[in-house]
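Written below as structure tokens is the structure these notes are about.
In this text the structure is predicted, and so the values were computed from the model without any measurement. So you know, we letter chains A, B, ... as the sequences are listed, proteins then strands, and number each from 1. Computed over heavy atoms, backbone and side chain alike; hydrogens, waters and symmetry mates excluded.
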2 protein chains.
Amino acid sequence: MSTNSDEAANYSSSKYRTPDGAPADIVIFTITSTPRRTTKKSLPNRKLEVLLIQRKGWPFEGQWALPGGFSKETETLLDSAKRELEEETGVKDIHIEYFNAYSTPGRDPRGWIISHAYFALVHEQYLASRRADDDAADVRLFSVDEAMGMDLAFDHHAILADALQQIQSKMLTTTIARQFLPEAFTIGELYQVIQAVVPSFEERNFIRKITSTQSRKGIIEEVLGRNGERLQSNQYSQRAAQLYRFTDSVPRLSIYS
Amino acid sequence: MSTNSDEAANYSSSKYRTPDGAPADIVIFTITSTPRRTTKKSLPNRKLEVLLIQRKGWPFEGQWALPGGFSKETETLLDSAKRELEEETGVKDIHIEYFNAYSTPGRDPRGWIISHAYFALVHEQYLASRRADDDAADVRLFSVDEAMGMDLAFDHHAILADALQQIQSKMLTTTIARQFLPEAFTIGELYQVIQAVVPSFEERNFIRKITSTQSRKGIIEEVLGRNGERLQSNQYSQRAAQLYRFTDSVPRLSIYS
DNA sequence: ACAATAGTGTCTGTCAGACAATATTGC
DNA sequence: GCAATATTGTCTGACAGACACTATTGT
């Protein structure tokens, strides 16, 4: 009876056509804040942005594309995506999530290449250095609206569209909003983050629902100081606002109950 | 300036290690009904089952595994998965959905093989022929509980576990229950299907919530005959029950509203 | 009559949605 | 005082959750 390695050697001698690569592409989202021009303290304008790179070589030379790179045999796709993310942004240990694979024949002129798409959520402070060298760079943040209107390389337009749908859905059904916020935040900030990702979101009694509705009360909690006093912030307003943090509770949703 | 094909030819001469295949594996779920032994009409027992095949050759010869097969350069992964699904079950045009990729190095002794996992939901009537030749077959339905306790080939245990989590989540947040039900069904049947997939689901006032709660009323509707009379069924009960069908409305859930 | 499922009555406390009103405080 | 945001008051109709109760009909 033959050993495994014999069989493997035997197997690999087959002449099936095999893929020419398995890259991971990453849709890196961030929310940028720009102060409003008012005489009083006010909430900043927040905008959902996505990081694109300008391609240097064939194919699609000069066009903007999602950052990505070929994965290696010795790593998982997630490792590959994380590596790429760190190369582009300099940060690691960031929320990153797989969402789809793209395999339409001919999608990549280099050959049979199935791309694996991740999205990552990065706090804007981590991208501060990037934003300094802004105009002439080959790595830039674009507003999502703008990016959706561009002629991106490969099928990256479709990938971006899918990623956007993902993040919008997850923004409303999970607590990923925390990825764009500091540990302690005000209700106003949270509301803005949700609206930056899902512009159609509107909830008149937001503060009331999230703080005093029994069924939703669990997802955030008041931040208390060491003496049990409630910590507040007046960073964005004259009147100080209560600070909250996300709890560890995982919301469960159902259309049937 | 060189043409694209020149560049492609030039590019493909690179000697990067490339994957040895990109298979699609499919977790095929169905819900089987077995009549209860009662003297009166009664609802059947429903059980969530998954289709497994017994491997014929190296590697993992003799072990049970998820059905799957290598995709080709000329098809998308979805096409490949659909083809495989039809080969195993004889049915097509069935709900099939991508949910993850598996790329841990060494997961497949045949080489560097990234597997793409789909789940499919098949109405039990389509698998009726399979169930005839039951015991000695190399293709069989297992209850999910049983399958989760087996030593499956490759990392198929993890894939199955992920698929189960997916389908449970989607059962409660989307209308995939329709895939396991006839066009017109009773509330009792719907309740059973949900419970077959999510055993912990329990909703005392189920009929009331789903039929008369304003916010949920849209997802199913009464089935009416040609004269506007309400159609009922007494297949499973002495007292006839109103028939319902799913509407086309897509439920939107949010933890913030 | 009875088993098995289908569906309604009723009650209490909570929530949703709308909008007005008040609170706070740097400028 | 004013602007800008934060937070509470108040009201009505709808819903949630619990449980008891009635309805239907083949066997």
Does the C/dC19 base have a donor-acceptor partner in the side chain of A/N205 within less than 3.5 Å?
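Answer is yes: a donor-acceptor pair is held.
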Select one nucleotide: of [options], the one nearest the side-chain heavy atoms of [X].
| X | options | result |
| --- | --- | --- |
| A/Q238 | C/dG17, D/dT7, D/dA4 | D/dA4 |
| A/Q242 | D/dT7, C/dA3, C/dG26 | D/dT7 |
| B/R36 | C/dA4, D/dT8, D/dA3 | C/dA4 |

Is it true that A/E87 and A/R83 have a side-chain N and a carboxylate O under 4.0 angstrom from each other?
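Yes, this pair counts.
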Polar pairs (N or O, both sides) under 3.5 Å between protein and nucleotides 10-12 of chain C?
from   : atom 1 : to     : atom 2 : distance (Å)
C/dT10 : O4     : B/R208 : NH1    : 3.0

Parallel, tilted or perpendicular: which fits the ring planes of B/F185 and B/F246, with parallel below 30° and perpendicular above 60°?
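Rings of B/F185 and B/F246: tilted, as their planes differ by 30° to 60°.
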Over 60° means perpendicular and under 30° means parallel, so classify the ring planes of A/F99 and A/F119, tilted if in between.
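The arrangement is tilted - the two ring planes meet at 30° to 60°.
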Can you tell me which residue among B/V197, B/V144, B/L172 is in a side chain to side chain contact (heavy atoms under 4.5 Å, CB included) with B/I167?
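One option only clears the test, and that one is B/V197.
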Pick one: which of B/E189, B/K41, B/Q192 meets side chain to side chain contact (heavy atoms under 4.5 Å, CB included) with B/Y236?
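Option passing the side chain to side chain contact (heavy atoms under 4.5 Å, CB included) with B/Y236: B/E189.
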Rounded to whole angstroms, how far apart are [atom1] on [X] and [atom2] on [N]?
| X | N | atom1 | atom2 | result |
| --- | --- | --- | --- | --- |
| A/I210 | D/dT7 | CD1 | P | 13 Å |
| B/E202 | D/dA16 | CD | C1' | 15 Å |
| B/I187 | C/dA6 | CD1 | P | 9 Å |
| A/R230 | D/dA6 | CZ | P | 14 Å |
| A/Q235 | D/dA6 | CD | C1' | 15 Å |
| B/I207 | D/dC21 | CD1 | P | 20 Å |
| B/F206 | D/dG17 | CZ | P | 13 Å |
| A/R239 | D/dA6 | CZ | P | 9 Å |

So with a 6.0 Å cut-off around CD of B/Q165, is the heavy-atom count from everything else above 12?
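No - once you tally the heavy atoms of other residues, nucleotides and ligands closer than 6.0 Å, there are 12 at most.
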Just call it for A/Q232: base, sugar-phosphate, or nothing, with non-hydrogen atoms closer than 4.0 Å on any strand.
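Touches nothing.
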What contact category does B/E203 fall into here, base, sugar-phosphate, or nothing, at under 4.0 angstrom with non-hydrogen atoms?
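If one applies the 4.0 Å heavy-atom cut-off, B/E203 turns out to touch the sugar-phosphate alone, with no base involved.
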DNA chain D: 5'-proximal contact among A/L243 and B/K41 (nearest heavy atom)
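The residue mapped nearer the 5' terminus is A/L243.
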Straight-line distance of B/I159 CD1 to B/H156 NE2, nearest 0.5 Å
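Atom-to-atom, B/I159:CD1 and B/H156:NE2 are 4.5 Å apart.
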For B/L43 and for A/R204, locate the closest nucleotide of DNA chain C by heavy-atom distance; then report the residue assigned to the nucleotide nearer the 5' terminus.
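Whichever sits nearer the 5' end wins; that is B/L43.
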